[in-house]
Amino acid sequence: MSLQAPRGTRDILAPDSARLRALVEAFASAAELAGYGQVVSPMFELIEVFRRVGEATDIVSKEMYQFRDPGDRHLALRPELTASLARAFVQHRPTLPWKAWYEGPQFRYEKPQAGRFRQFNQVGAELFGSDDPQADVEVIALAWRFCTGLGLRKLRLAVNSLGDRADREAYLAALAAYFEGRSAELSAQGRETLGRNPLRLLDSKRPEDRAVVASAPVIDDYWSEAAAAHFGAVLAGLEALGIPFERNQRLVRGLDYYRRTAFELASDALDGAQDAVGGGGRYDGLVADLGGPDTPGVGFALGVDRLLLACDAEGVFPAPSGAADVFVVDVTGGGEATLLAEELRRTGVRVQRAFDGRSMKAQMKAADRSGARWALLVGDDELADGVVSLRRMRGHEATASGESIQRQIPRAAVAAEVARLVAGSTGDGSTQ
RNA sequence: UUGACCGUAGCUCAGUUGGUUAGAGCGCCGGGUUGUGGUCCCGGAGGUCGGGGGUUCAAAUCCCCUCGGUCAACCCA
């Protein structure tokens, strides 16, 4: 193979692409049900947008696709969408609260693995302009409702609070001091992490580190009264809604802008290191960091590709059927098929046909495989008599009516008759 | 960025002490008499053995490089 999709990217072909679209549509309706409106933002931004929100994180420091355009602007393909949304908020200053959802590809220069791509899709939602813990609850509930609505059952919701800015800094200092004191017990890589960001050590998977982490200071002791009250209200809200969650004192998220609430959704159906399907939290300082008025916000993003992997693993959310309603078999040259197909498609019927003047046997075979419920047969006899043979395909037998497998109908009545049949059999639209 | 395993027809894979025209199943195409699908039978198309270089009389098979995939670390969706 000579040319192929760039590393970490892929083509999503027919049944899978329909499934992806169905998932996005499911998210759209869940989000809009809760009053979130879609934002379609640019695929690339001035690099400052991302630099300002996460200079210390790998995502913006070394995983960004960046380039200069012909006008010498320094741009980056978006590695995440919360920053873009915050930028859009600052630019447009919509009335509060501003509730927005989004979907689309994002780009990170990483080594690809299963469930990790250089171009990947996320869906997400953000709520700007409210401090209310009920806002956190609404956002988490939206993520939960959507995921369980897909049919996923083996989901774990982990929640934590990182406290306010001052709490977080005090905790970070205490954590650093603690780890410094026991740095001899840490793994070599753990010591490196300590130098960069002690918080990250909390979710280390190395046994040496875990032993040290086990008796590390916990964030709870550093919460301000307000932050503690906020978190308590969030947990109470989740309980009131019957959303199961587990408190994870070690949960820290990948981006540094989180304050107070942080949460993560993981799937037990996914094995390996990539079991997180999404997460989010509160980012009360983010808008200000981007030059806007001090505005609180809370939101989340879900990895579409991983969600679909999880659906595969749980055997839920199948691809929608691409089956045709009708297959036109024309052995008179194909012109009739063109006319019939177009006529029927104009009435909203899904029509498939063959090309290249293939034999009746071959066309019937294709009709069978297309999943069509009916075949319309046009041969020399039909053409001469001004009729079309309507045949019910095997596997799509009539339910109770005593209608014959095949019958002739006048050419002029085809559209009306097929429309009637299709409308009357919307039963099993999801033949897989 | 580090390490491990892997890369043969559209798909899933056989094919190692290196040796004649590289195989199977599925899929695809055609046929099994006059215009009808599944199964069955027969036939056919389709492969730079990921790519490049090297060793050798001879390489899919050995060596090096490279690209790609998978897994793990790192990081994260």
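Both backbone and side-chain heavy atoms feed into the values below; hydrogens, waters and symmetry mates do not. Lettering follows sequence order; numbering is per chain, from 1.
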Asks: As a quick check of understanding, evaluate salt bridge (Lys or Arg N to Asp or Glu O under 4.0 Å) for A/E314 and A/R153, giving each step before the final call.
Replies: CA-CA 8 Å; A/E314 292 205 42; A/R153 292 293 171 270; over 6 Å; no
Asks: Could you label the plane-to-plane angle of the A/F128 and A/F89 rings as parallel, tilted or perpendicular, counting under 30° as parallel and over 60° as perpendicular?
Replies: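 Plane angle under 30°, so parallel.
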Asks: On the six-membered ring of A/Y109, is A/R118 placed so that its NZ or CZ lies under 6.0 angstrom from the centre and within 45° of the ring axis?
Replies: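 Yes, A/R118 and A/Y109 form such a contact.
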Asks: Atom CD of A/Q113 to atom C1' of B/A73: distance rounded to whole Å?
Replies: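 Rounded to the whole Å, the gap is 9 Å.
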Asks: Should A/R358 be listed as having a side-chain N or O under 4.0 Å from OP1 or OP2 of B/C29?
Replies: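 Indeed, a polar side-chain atom of A/R358 lies that close.
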Asks: What's the closest nucleotide to the A/K111 side chain, out of B/C71, B/C67, B/G37?
Replies: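 When the side chain of A/K111 is considered, B/C71 is the closest of B/C71, B/C67, B/G37.
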Asks: Could you measure between the two P atoms, the one in B/C49 and the one in B/G19, and give it in whole Å?
Replies: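 Straight-line distance between the two P atoms is 16 Å.
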Asks: Determine, for A/F117 and A/R10, whether the Lys NZ or Arg CZ falls below 6.0 Å from the six-membered ring centre while staying within 45 degrees of the axis.
Replies: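 Satisfied, under 6.0 Å and within 45°.
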Asks: Classify A/G371 by what it touches in the nucleic acid, base, sugar-phosphate, or nothing, heavy-atom distance under 4.0 Å.
Replies: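 No contact.
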Asks: Check whether any side-chain nitrogen or oxygen of A/R200 sits under 4.0 Å from OP1 or OP2 of B/C76, and answer yes or no.
Replies: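 Result: yes.
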Asks: Please report, rounded to the nearest Å, how far the C1' atom of B/C76 is from the CZ atom of A/F50.
Replies: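 Distance check: A/F50 CZ to B/C76 C1' gives 16 Å.
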Asks: Taking only side-chain N and O atoms of A/R394, does any of them lie within less than 4.0 angstrom of OP1 or OP2 on B/U36?
Replies: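 Checking A/R394 against B/U36: no side-chain N or O falls below 4.0 Å of OP1 or OP2.
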Asks: When the nearest nucleotide of RNA chain B is assigned to A/V378 and to A/A5 on a heavy-atom basis, which residue is associated with the more 5' position?
Replies: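 Whichever sits nearer the 5' end wins; that is A/V378.
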Asks: Rounded to the nearest angstrom, tell me the gap between atom CG in A/L202 and atom C1' in B/C76.
Replies: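 Nearest whole value for this atom pair: 16 Å.
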Asks: Taking atom C1' of B/G32 as reference, at what distance in whole Å does atom NZ of A/K361 sit?
Replies: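 Atom-to-atom, A/K361 to B/G32, this comes out as 7 Å.
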Asks: Remember a base hit wins even if backbone is also touched, and classify A/E63 as base, sugar-phosphate or nothing at under 4.0 Å, heavy atoms.
Replies: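 Sugar-phosphate contact only - A/E63 comes under 4.0 Å of backbone atoms but never of a base.
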Asks: Which nucleotide sits closest to the side chain of A/D381: B/G35, B/U36, B/G30?
Replies: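 For A/D381, the side-chain atoms sit closest to B/G35.
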Asks: Looking only at N and O atoms, is any donor in the side chain of A/R7 or the base of B/C67 less than 3.5 Å from an acceptor on the other one?
Replies: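 Answer is no: no donor-acceptor pair is held.
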Asks: Where the side chain of A/E110 is defined as all heavy atoms beyond and including C-beta, which of B/G68, B/G37, B/C75 is the nearest nucleotide?
Replies: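 My answer, after comparing the listed nucleotides, is B/C75.
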Asks: Which nucleotide wins on minimum distance to the side chain of A/L377, given the candidates B/G38, B/G35, B/C75?
Replies: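 Ranking B/G38, B/G35, B/C75 by closest atom to the A/L377 side chain puts B/G35 first.
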Asks: For A/V331, answer base if it contacts any base atom (sugar-phosphate contacts may also be present), sugar-phosphate if it contacts only those atoms, and nothing otherwise; contact means non-hydrogen atoms under 4.0 Å.
Replies: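 Result for A/V331 = nothing.
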Asks: Which nucleotide, in any strand shown, forms a Watson-Crick or G-U wobble pair with B/U1, with both distances under 3.5 Å?
Replies: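 By the stated definition (distances under 3.5 Å), B/A73 pairs with B/U1.
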Asks: What is the minimum heavy-atom distance between A/R358 and A/Q363, and which atoms define it?
Replies: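 Minimum heavy-atom separation between A/R358 and A/Q363: O-NE2, 2.8 Å.
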Asks: Looking for any heavy atom pair under 4.0 Å, which part of the strands does A/R206 touch: base, sugar-phosphate only, or nothing?
Replies: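 Counting heavy atoms under 4.0 Å across all strands, the contact made by A/R206 is with sugar-phosphate only.
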Asks: Searching all strands shown, indicate the nucleotide that pairs with B/A24 (Watson-Crick or G-U wobble; both distances under 3.5 Å).
Replies: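 Partner of B/A24: B/U12.
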Asks: Using atom CZ of A/R118 as one end and atom C1' of B/C67 as the other, report the distance to the nearest whole Å.
Replies: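 Answer to the nearest Å: 12 Å.
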Asks: Counting heavy atoms from C-beta on, name the nucleotide in B/U2, B/G69, B/A77 closest to the side chain of A/D305.
Replies: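 Shortest atom-to-atom distance from the side chain points to B/A77.
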Asks: Just call it for A/Q363: base, sugar-phosphate, or nothing, with non-hydrogen atoms closer than 4.0 Å on any strand.
Replies: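 Nothing, no nucleic acid heavy atom in range.
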Asks: Using a heavy-atom cut-off of 4.0 Å across all strands, would you classify A/K62 as base, sugar-phosphate, or nothing?
Replies: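 A/K62: no heavy atom of the nucleic acid under 4.0 Å.
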Asks: Between A/R411 and A/E343, is there a side-chain N and carboxylate O pair less than 4.0 Å apart?
Replies: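 Salt bridge: yes.
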Asks: Please figure out whether A/T9 or A/A362 has its closest RNA chain B nucleotide nearer the 5' end.
Replies: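 Result of the comparison: A/A362.
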Asks: May I have the distance from A/D11 (atom CG) to B/G10 (atom C1'), rounded to whole angstrom?
Replies: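 Rounded to whole Å, this separation is 15 Å.
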Asks: Counting any heavy atom closer than 4.0 Å, what does A/E382 reach on the DNA or RNA strands: base, sugar-phosphate only, or nothing?
Replies: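 Base contact.
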Asks: What's the CE-P distance between A/M364 and B/U36, to the nearest Å?
Replies: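 Atom-to-atom, A/M364 to B/U36, this comes out as 9 Å.
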Asks: Select base, sugar-phosphate, or nothing to describe what A/R369 touches, counting heavy atoms under 4.0 Å on all strands.
Replies: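 Sugar-phosphate contact only.
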Asks: Figure out the CD/P separation between A/Q106 and B/C75, and round it to whole Å.
Replies: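 Checked: the CD to P distance equals 20 Å.
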Asks: Could you measure the distance from the CE atom of A/M360 to the NZ atom of A/K365? Nearest 0.5 Å is fine.
Replies: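 Separation between the atoms: 15.5 Å.
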Asks: Describe the nucleic acid contact of A/G279 in one word from base, sugar-phosphate, nothing, applying a heavy-atom distance below 4.0 Å.
Replies: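 The answer is nothing, as A/G279 stays clear of every strand by at least 4.0 Å.
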Asks: Which part of the nucleic acid, if any, lies within contact of A/K365, taking any heavy atom under 4.0 Å across all strands shown: a base, the sugar-phosphate backbone alone, or nothing?
Replies: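 Result for A/K365 = sugar-phosphate.
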